[in-house]
Amino acid sequence: MRPTTLRALKRAAELTRQHRLTEAVLIAEPVILAADRHEGDEILRWLADHVTDFTGETKKEIA
């Protein structure tokens, strides 16, 4: 995954935790839409592995 994509995803997660979902989408959506198939797969894996980055919950709280 390109470093710029990762930075955008991390920033979107931070904004989501701050209840700024509209801004998070505005940052993440163009990066996701511009991704090729390979990077898109990496983004999906990263999102699945980092769901708590968006919710602010710990894995113990989710279970």
### Query
By side-chain contact (heavy atoms from CB on, under 4.5 Å), which residues pair with L47, not counting sequence neighbours?
L9, I43, F54

#### Entry: Gap between atom CE of M1 and atom CZ of R7 - 0.5 Å precision
12.5 Å

### Query
What is the minimum heavy-atom distance between R17 and T55, and which atoms define it?
CG-C, 4.4 Å

### Nearest-0.5 Å distance, OG1 of residue T16 to CZ of residue R11
10.0 Å

### Query
What distance separates L44 CG from D49 CG, expressed to the nearest 0.5 Å?
11.0 Å

Result block: side-chain N/O donor-acceptor pairs under 3.5 angstrom for residues 28-36, not counting sequence neighbours:
{"from": "D36", "atom 1": "OD1", "to": "H38", "atom 2": "N", "distance (Å)": "3.2"}
{"from": "D36", "atom 1": "OD1", "to": "E39", "atom 2": "N", "distance (Å)": "2.7"}

### Query
For R45, which residues count as a side-chain contact (heavy atoms from CB on, under 4.5 Å) partner, sequence neighbours excluded?
D41, E42

